[in-house]
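Here the structure comes first, spelled out in structure tokens, and everything after it is commentary.
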Amino acid sequence: MVLPAASRLLRTALRFRVAPVANVASKPAKENISARDQTIAMTTMFITILGPSGWILAHLEDYKKKE
């Protein structure tokens, strides 16, 4: 009798979605983004992500000497 109860609990848990479903549209964008805006956005993203990593790698020897 434990198996049907566990099965019912599992079905109930799977029925409800934990994460909301994304709204995917196949239409073109409402506003066109200029190449300048895209360049600024991509540069900002790369600096934000790669900047700290590059800093740590450039100063790795200094971090090794501190310990």
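Everything quoted here is computed from the prediction, not taken from an experiment.
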**OP:** Only counting residues at least two apart or in another chain, list the ones meeting side chain to side chain donor-acceptor pair (under 3.5 Å) with Ser34.
**Re:**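 Checked Ser34 against side chain to side chain donor-acceptor pair (under 3.5 Å); matches are Asp37.
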
Subject >> Taking every non-hydrogen atom, the tightest pair across Pro52 and Thr48 >> reply: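 Closest approach of Pro52 to Thr48: CD-O, 3.3 Å.
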
Original post:
Rounded to the nearest 0.5 Å, how far apart are OG1 of Thr43 and CD of Gln38?
Top reply: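 Spacing of OG1 (Thr43) from CD (Gln38) equals 11.0 Å.
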
Original post:
Roughly how far apart are Thr44 OG1 and Ile49 CD1, rounded to 0.5 Å?
Top reply: 11.0 Å

Subject >> Hphob cluster co-occupancy, Leu50 + Leu57, side-chain heavy atoms under 4.5 angstrom >> reply: no

Original post:
Does a sphere of radius 6.0 Å around CD1 in Ile33 hold more than 12 heavy atoms from other residues, nucleotides or ligands, not counting ones at 6.0 Å or beyond?
Top reply: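 Open.
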
Subject >> Name of the residue among Glu61, His59, Lys65 meeting side chain to side chain contact (heavy atoms under 4.5 Å, CB included) with Tyr63 >> reply: His59

